[in-house]
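Counting convention: from 1, in listed order, for ligands and their atoms alike.
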Amino acid sequence: MGRVVYKSLPDMKKARDRKEKPLTIKEDIRLSNTIKEFAKGKTYSIVTFGCQANVRDEEILSGYLELAGFKKENESTKADLVILNTCAVRENAEEKVYGEIGRYKAIASKNKDFILAICGCMMQEEGMAKKIMGSYPYVKLIFGTHNVHKILDLLEEKIERKKDIVDIFSFQGDIIENLPSTRLDKYKAFVNITYGCDKFCTYCIVPYTRGRERSRAKEDIIAECRELVKEGYQEITLLGQNVNSYGKDFHDGTSFATILEEVAKLGIPRLRFMTSHPWDFNDDMIEVIAKYPNIMKCIHLPVQSGSTSMLRRMGRRYSREEYLSLVERIRKAMPDVAITTDIIVGFPNETEEEFQDTLSLCEIVKYDAAFTFIYSPRNGTPAARMVDNVDDATKHRRFDELLKVIEAGVVYHADQMIGKTYQVLVDGPSKKDKDVLSGYTENGKLVHFNGPSYLKGKMVKVEILESHAFSMMGRLLDDPILVLASHAAKLLEKEDAVIRYKKYKEDFDNDESIKALLTEIENKQREMVKLAAKEDNQEALKAKKEYDELMEKYLNHPVVINLNSATDELEPLLLEVEGILS
Ligand code: SAH
Ligand code: SF4
Ligand code: F3S
């Protein structure tokens with residue numbers, strides 16, 4: 001037997017299937033002694049390529065590894081276990097992965113216990129795992145996008161069998177709930193609402209690597225978001241390859257507009273969502289986005305091409321006119337909305353006229369930002385079989401022309417922002433200069449400004465002074481100390497003990513029987529004072545006894561018991577606050 005156990009391998013035909021219904025599986029995590037022993041004192045590092053779906057998978061992998069006892073190591077070349085979380089969307093994404101694998105060769109040859117694992121979309125391609133196992137003998141474990149939640153079982157199997165393991169399967173995919181996760185950010189969180197994709201755009205590999213389009217149950221999404229709000233998160237981004245096709249698979253009228261509205265109502269300061277497919281973008285969505293101030297007026301709306309004939313060849317399901325009319329409806333409802341996009345240049349047989357249509361669409365829409373790509377054939381997709389008559393030089397010329405038009409739109413919008421004030425969620429000190437903070441405006445623009453680092457994770461007002469197209473320079477308008485103080489007050493209000501105290505205090509204030517008892521107690525106290533002055537011992541003793549009885553009744557009243565225990569519970573917190581303030 002060879003060094004590698006191939007448990008299962010991907011199959012593009014199976015990956016295309018859309019017959020079965022997905023299951024929702026509640027994960028029941030059990031840690032074996034083998035994995036706990038193995039993880040003891042070991043570190044892990046995950047290197048992620050590609051989109052937010054992969055970023056979220058990284059958080060889930062981290063969740064599992066940390067449960068087992070692995071500690072995170074930020075520098076991947078120092079870790080005992082490295083996982084490369086790959087992307088297959090374009091060839092250059094794959095080239096980066098090959099480069100990365102090479103970095104671990106020397107480490108693997110020095111340290112026999114070092115584990116290099118690879119997962120993600122690239123592994124879902126037919127033939128890829130065998131090729132990698134053949135070319136890089138120090139890769140010890142390969143798995144796919146459908147078994148991220150099996151990471152600990154796979155590691156255990158690798159250790160016990162003393163073999164390298166490949167386990168990647170192509171199926172339509174289930175929905176796994178109760179996933180552990182270690183989020184990468186303390187203030188901004190991603191929440192999956194749909195997985196997979198059923199659109200099958202002719203150029204795209206995602207429907208094959210991520211399985212069928214399936215929506216998470218509303219209750220599971222709401223529970224996750226509610227927890228994030230409670231933890232003090234400032235921003236949630238709802239994720240899906242086609243986020244706005246949410247709920248279509250339930251066939252019960254649930255739509256993206258419904259879930260968006262419900263999450264917005266939870267009170268998260270900022271709510272974003274991506275990626276929206278123009279075909280599924282309806283007027284209900286526009287209404288909800290416009291209605292809630294905490295839904296950011298920033299919409300990523302990939303157009304791919306501005307030519308109807310090209311869009312048809314791409315399998316995009318909308319025409320140039322439909323896209324433009326959608327943009328118009330969105331802008332009518334929200335004049336300040338920022339619209340961003342993805343565009344592919346050099347799709348097979350793109351004519352000059354088709355390309356000019358893309359340029360003119362970009363001139364009309366004036367995007368706030370755009371990701372532009374040169375078409376990259378992906379094995380197994382319909383477009384990869386198309387014979388292409390456009391040479392590379394033409395493709396590159398078109399790409400450069402497109403960039404110029406896009407830049408003009410970006411600069412136009414950026415210039416409009418000068419002199420205006422925006423709310424910025426502070427990410428922290430900027431990468432280039434520790435004394436400069438950076439963060440994003442509601443409309444997704446990066447702003448740099450001077451301010452203290454403790455503003456990280458806070459929302460502040462910034463006036464835009466200068467525009468540099470892809471980032472802005474601004475001036476902090478808020479007093480940082482006051483921002484911090486009001487943030488602390490808000491945090492305090494969110495503490496469980498404070499919430500409980502508030503509830504029981506309200507019950508107490510509204511209880512008629514308590515009010516009556518308190519009046520009786522007060523009257524009895526007055527009577528006792530009078531009797532004491534008269535020096536009538538008999539009467540005084542009687543009044544004292546009645547008073548004690550009333551007090552006992554009061555102290556044993558359930559509403560009073562609740563309030564007193566909530567007050568006791570609050571005490572350590574109050575002492576802590578007092579300690580900080582004094
Ligand atoms: N689900 C999203 C995005 C998926 S991939 C959507 O439907 O828009 C992100 C972007 O990569 C796509 O919008 C597309 O512009 C680009 N892309 C996908 N496949 C590609 C390919 N084969 N070559 C070049 N760009 C591609
Ligand atoms: Fe790919 Fe199209 Fe699905 Fe987006 S909608 S993931 S581009 S197939
Ligand atoms: Fe890449 Fe997979 Fe995302 S192919 S873009 S990581 S869904």
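Side-chain contact of T209 with R378: a donor-acceptor pair under 3.5 Å is absent, judged by distance alone. A donor-acceptor contact closer than 3.5 angstrom links the side chains of E66 and Y44.
Taking every heavy atom of Q304 and a limit of under 4.0 angstrom, the matching atoms of ligand 1 come to 8 (O), 12 (C), 13 (O), 14 (C), 15 (O). With ligand atoms numbered from 1 in the order given, ligand 3 contributes 6 (S) to contacts under 4.0 Å with heavy atoms of N54. Heavy-atom contacts of N242 reach the following atoms of ligand 2: 3 (Fe), 5 (S) (cutoff under 4.0 Å). Atoms of ligand 2 lying under 4.0 Å from any heavy atom of H277, numbered from 1 in the order shown and given with element: 5 (S).
For a distance threshold of 2.8 Å, the protein N, O or S atoms nearer than that to atom 1 (Fe) of ligand 2, listed by chain and number, are C204 SG.
Contact annotation: for I374 versus ligand 1, heavy atoms closer than 4.0 Å belong to the backbone alone. With a 4.0 Å cut-off on non-hydrogen atoms, P302 touches ligand 1 through its side chain and not its backbone. Proximity of K199 to ligand 1, defined as any heavy-atom pair under 4.0 Å, is not found for any part of the residue. With a 4.0 Å cut-off on non-hydrogen atoms, F373 touches ligand 1 through its side chain and not its backbone.
For a threshold of 3.5 Å applied to N or O pairs, the pair formed by R378 and ligand 1 contains no separation below that value. For R90, a nitrogen or oxygen atom sits less than 3.5 Å from a nitrogen or oxygen atom of ligand 1, counting backbone and side chain alike. Checking only distances, H277 never comes within under 3.5 Å of ligand 1, N or O to N or O. When only interatomic distances are considered, the shortest N/O to N/O separation between Y375 and ligand 1 does not fall below 3.5 Å.
The shortest contact between atom 7 (S) of ligand 3 and any protein heavy atom is with Q241 NE2, 3.3 Å. Given atom 2 (Fe) of ligand 3, the protein heavy atom at minimum distance is C121 SG, 2.2 Å. Considering only non-hydrogen protein atoms, atom 3 (Fe) of ligand 3 sits nearest to C51 SG, 2.3 Å. Nearest protein heavy-atom contact of atom 1 (Fe) of ligand 3 is C87 SG, 2.4 Å. Looking at atom 4 (Fe) of ligand 2, its nearest protein heavy atom turns out to be R316 NH1, 4.3 Å.
Compare S376, S305, C87, G50 by their heavy atoms: the one nearest to atom 21 (C) of ligand 1 is in S376.
For N92, the CG atom is densely surrounded, since the number of other residues' heavy atoms within 6.0 Å is greater than 12.
The shell of residues lying under 4.0 angstrom from ligand 1, judged by heavy atoms, includes V89. Ligand 1 has at least one atom lying under 4.0 Å from a heavy atom of R316.
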